[in-house]
Number of protein chains: 2
Amino acid sequence: MNDLSQTVATHGARAVERCDLLGRAPYSDMENGLYRGWLTPAHRQALDVLTFWMRQAGMSVRMDAMGNLIGRYEGTRQDMAPLMIASHIDSVRNGGFYDGPLGVMLGVECVAALHDCGRRMAFPIEVVAFGDEEGSRFPAAMLTSRAMAGTLDHADLDMTDARGVTLAEAMRAFGLDPARWAEAKLAQPPLAYLEAHIEQGPVLEARRHALGTVTGIAAQLRYEVTVIGKAGHAGTCAMDLRRDALAGAAEMVLAVEEIARADKSDLVATVGKVAALPGAANVIPGEAVFTLDIRSGNEARRDAAAEAILIRIRALARVRGLGVGIEKIHNLPASPCAPALMDLMDAAITATGQRPFRLVSGAGHDAMVMEAICPTAMLFIRCKGGVSHHPDESVTVADVEAGFAAMMHFIEGLGSQHV
Amino acid sequence: MNDLSQTVATHGARAVERCDLLGRAPYSDMENGLYRGWLTPAHRQALDVLTFWMRQAGMSVRMDAMGNLIGRYEGTRQDMAPLMIASHIDSVRNGGFYDGPLGVMLGVECVAALHDCGRRMAFPIEVVAFGDEEGSRFPAAMLTSRAMAGTLDHADLDMTDARGVTLAEAMRAFGLDPARWAEAKLAQPPLAYLEAHIEQGPVLEARRHALGTVTGIAAQLRYEVTVIGKAGHAGTCAMDLRRDALAGAAEMVLAVEEIARADKSDLVATVGKVAALPGAANVIPGEAVFTLDIRSGNEARRDAAAEAILIRIRALARVRGLGVGIEKIHNLPASPCAPALMDLMDAAITATGQRPFRLVSGAGHDAMVMEAICPTAMLFIRCKGGVSHHPDESVTVADVEAGFAAMMHFIEGLGSQHV
């Protein structure tokens, strides 16, 4: 490989520039903000310009049956499965510019850098822009990576977007044949999967790291907790005669926080939604309902924390004479990154002059889908304030340059293992 | 006065029976439940039958310019202002049978008992059925007692009910002239005002009293508290990096409860409504909003508790690095009952063989309006479980008989002061 130090300052900046360009019309279907839903006009426009950029970087380009765009840069050997460098091109409504597209643009830049100096690895490289990681238009997420991995058993072609358009209609309008969605399944699993993504959390910033090696996608448990007390008139019911469901729920919210904080690991637990019923200023809450979300890269740790929290919730209810109902809503297993690829990423980060740092991803990514069929690696890039899904989402060019350099070292390292 | 012991067992039971009769069509405008809004067909039907019962009890009957029905039983002296025995005839939607009508029916029974034995006091007695204590049809409450007391500066004749009917139209349909609403003002303030009402709270039941002397309507303060933290992804933001607005609000809810409990007086404080924003299971709440309602019969005690609570809320916010905004929504002064009439009521309760017991009313009543123009007394009657504004609202005939007897002793006592 030629000297990377000269190309680095160009490629990262260009990746950021392109994300910024994609943040406005015609690549957004929203005025004064970014919304690029799967199979929308903005999605189509983004794939058109991305096709141009991929070809410019020496790739052949195809679209699969689910609208994933795939740029391919051939290797020197015909028999090898590709390294897939991927992320998603869709966005939430009024989202940020980097969540998703940055990983796609960095993939294009990696190939462009190889192409510029006439370099090929033994394995091909495929850069993929997934269509709907966010569930950006239809009420389902990661449909296109699931179709590609072959883990989507059934595509609900009748589900509708907010305007009542069915998935089948949206696919046809995009030039896809809904009946052929299953053809998106890869014929051959990739050699490896690499996804670069903004962290969407504040950990790298707080720990002063530009980059982090992701250990996996956290295992997630979600519950809905209902606390039953006795409603009453806020003026007429003496304090010692109350069974206030919200006061009980308040103790539970604090117990969740206390148990998660005491864990001192990657464990997080969150109460994000709460309601008191009947919900009037002059009525003592007879019922309180809240969500409970618990995550850790380690399923056993997550489960132990969940058990401790639920035991405490039941005990708190008992002391106050409240009823409690706990319903499990989700149970997503952890999706670990491949240990060998994590080591490779640590070495790549070190090669850029950065200190290696590992962290779990609390959020889901297409990588967790691809983990079903190949070893996966993820590189997190520091973002400002941990903000994402918001126009304030922000990265520095310097951090993205560092990320680009780490990806190039990663590709180099993988190349040295597959000659 | 003749021996009351023979009449007691009849009058209380009949008052309950009549409330039960008024709980169904044509006295309700709701199927399978009671709804009797001001100026509705059900209201009209109820006034028709009440007119019959008032006349049967020896009263002359008139309706005032706001639809209040007034039955008058003359006294032996022409120069005296009346004792007014009143409550409201309207109900909330799907309400209980006794909240309001029981006080009216007991007023009719008191006069009926006097009439049956040919007894008159020196002062006249007026039994009044107020039209809209509950705000049962239009978005305003106690309009008809306020008009009677002369404290209603302005009647918003253009306000509309849930179906878009204006107050002016509703009044005309009821046979009233909206332009003449101010004529409902009393020419002369009553000698005294007496209102019997179910407690609408659990205190009498818990303390094992059938009856209670009300010390006044509680002073009420209401706030909306907004806690500002930082929203973040529930999966990606480590516990020690969070500023969770809901966790802060949970501490505040518990502080409200703790301070009110520690007071050990009639003070009550309630958080009845809460929201976490943006309000998703996978987002750390960046904002939490809750209501705070504080009441006591003693304004100074209420204000001291409010100050202690607000100081604690601000301190809790500071410790967590949260912002806090506190907006005062309501400030209703206390409406004390007349001390001399409370003594008279205690004596009346004692004369029935019950132990006297005093309590504040946390809920509002027409008595608080009439307090502006005359001395007021209220008698609370125990209700089951403190439930009101619900079909499960329930009183025992024995308690109502006791209430009737206490009212007769109260009238007798007042009579001995005005001969």
Side-chain angles (χ1 to χ4, degrees), chain A residues 199-203 206 218 220 222 224 230 232-241 244 246-247 249-254 256-257 260-261 263 266-276 278-285 288 290-293 295 329 361-364 385-389, chain B residues 199-203 206 218 220 222 224 230 232-241 244 246-247 249-254 256-257 260-261 263 266-276 278-285 288 290-293 295 329 361-364 385-389:
Chain A
E199 182 201 342
Q200 298 184 266
V203 176
Q220 183 184 336
R222 196 173 290 170
E224 185 172 275
K230 191 166 167 49
H233 192 294
T236 60
C237 187
M239 295 308 294
D240 60 331
L241 299 176
D244 182 332
L246 180 62
E251 287 189 327
M252 295 169 191
V253 167
L254 294 172
V256 168
E257 184 186 54
R261 275 184 177 171
D263 189 89
D266 68 346
L267 183 101
V268 286
T270 306
V271 176
K273 201 173 168 182
V274 66
N282 64 342
V283 183
I284 301 158
F290 62 88
T291 58
L292 169 60
D293 180 295
R295 305 187 197 197
I329 306 291
S361 172
V387 173
S388 75
H389 288 190
Chain B
E199 181 200 342
Q200 297 184 268
V203 175
Q220 183 185 338
R222 195 173 290 170
E224 185 173 276
K230 191 167 167 49
H233 192 295
T236 61
C237 187
M239 295 307 293
D240 60 331
L241 299 175
D244 183 330
L246 181 60
E251 288 189 328
M252 295 168 192
V253 168
L254 294 172
V256 168
E257 184 186 53
R261 275 184 178 171
D263 188 89
D266 67 346
L267 183 100
V268 288
T270 307
V271 176
K273 201 171 168 184
V274 67
N282 65 342
V283 183
I284 301 159
F290 61 88
T291 57
L292 169 60
D293 181 296
R295 305 187 197 197
I329 305 291
S361 171
V387 173
S388 75
H389 289 191

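- When all heavy atoms of B/Arg261 and A/Met239 are compared, the pair lying nearest together is CG-CB, 4.0 Å.
- Most heavy-atom pairs under 4.5 Å with chain B, from the set A/Glu224, A/Met252, A/Lys273: that is A/Lys273.
- Taking A/Val253, A/Val283, A/Asp240, A/Val268 one by one and counting their heavy-atom pairs under 4.5 Å with chain B, the maximum is reached by A/Val268.
- Smallest separation of non-hydrogen atoms from A/Gly362 and B/His233: O-CE1, 4.1 Å.
- The two residues A/Gly385 and B/Lys230 have their closest heavy-atom pair at O-CE, 3.9 Å.
- B/Ala276 and A/Gly272 get closest at one heavy-atom pair: CB-O, 3.7 Å.
- Looking only at heavy-atom pairs under 4.5 Å with chain B, the residue among A/Asp266, A/Val256, A/Ile329, A/Val274 that has the most is A/Val274.
- Only the backbone of A/Leu267 comes within contact range of chain B, judged by heavy atoms closer than 4.5 Å.
- Contacts with chain A were tallied for B/Gly232, B/Ala260, B/Ala280; B/Ala280 has the most, counting heavy-atom pairs under 4.5 Å.
- Judged by distance alone, the side chain of B/Thr236 and the main-chain N or O of A/Ala363 form no donor-acceptor pair under 3.5 Å.
- Taking every heavy atom of both residues into account, B/Asp293 and A/Ala281 meet most closely at CB-O, 3.7 Å.
- In terms of non-hydrogen atom pairs under 4.5 Å with chain B, the most contact-rich of A/Gly201, A/Ala234, A/Pro278 is A/Ala234.
- Of the listed residues (B/Pro285, B/Ala249, B/Ala288, B/Ala218), the one with the most heavy-atom contacts under 4.5 Å to chain A is B/Pro285.
- In terms of heavy-atom pairs under 4.5 Å with chain A, the best-connected choice from B/Thr291, B/Asp244, B/Thr270 is B/Thr270.
- Using a 4.5 Å cut-off between heavy atoms, A/Ala269 contacts chain B through its backbone alone, with no side-chain atom that close.
- For A/Val203, the side chain to side chain contact (heavy atoms under 4.5 Å, CB included) criterion is met by A/Glu199, A/Arg207, A/Phe357, A/Leu359, B/Ala238, B/Leu241, not counting sequence neighbours.
- In this view, A/Glu251 and A/Leu316, A/Arg320, B/Leu254 satisfy the side chain to side chain contact (heavy atoms under 4.5 Å, CB included) rule, not counting sequence neighbours.
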Inset, instruction - Take B/Asn282 and A/Arg295 through the test side-chain contact (heavy atoms from CB on, under 4.5 Å) and record every step on the way to the result. - result: CA-CA 10 Å; B/Asn282 65 342; A/Arg295 305 187 197 197; 3.5 Å; yes
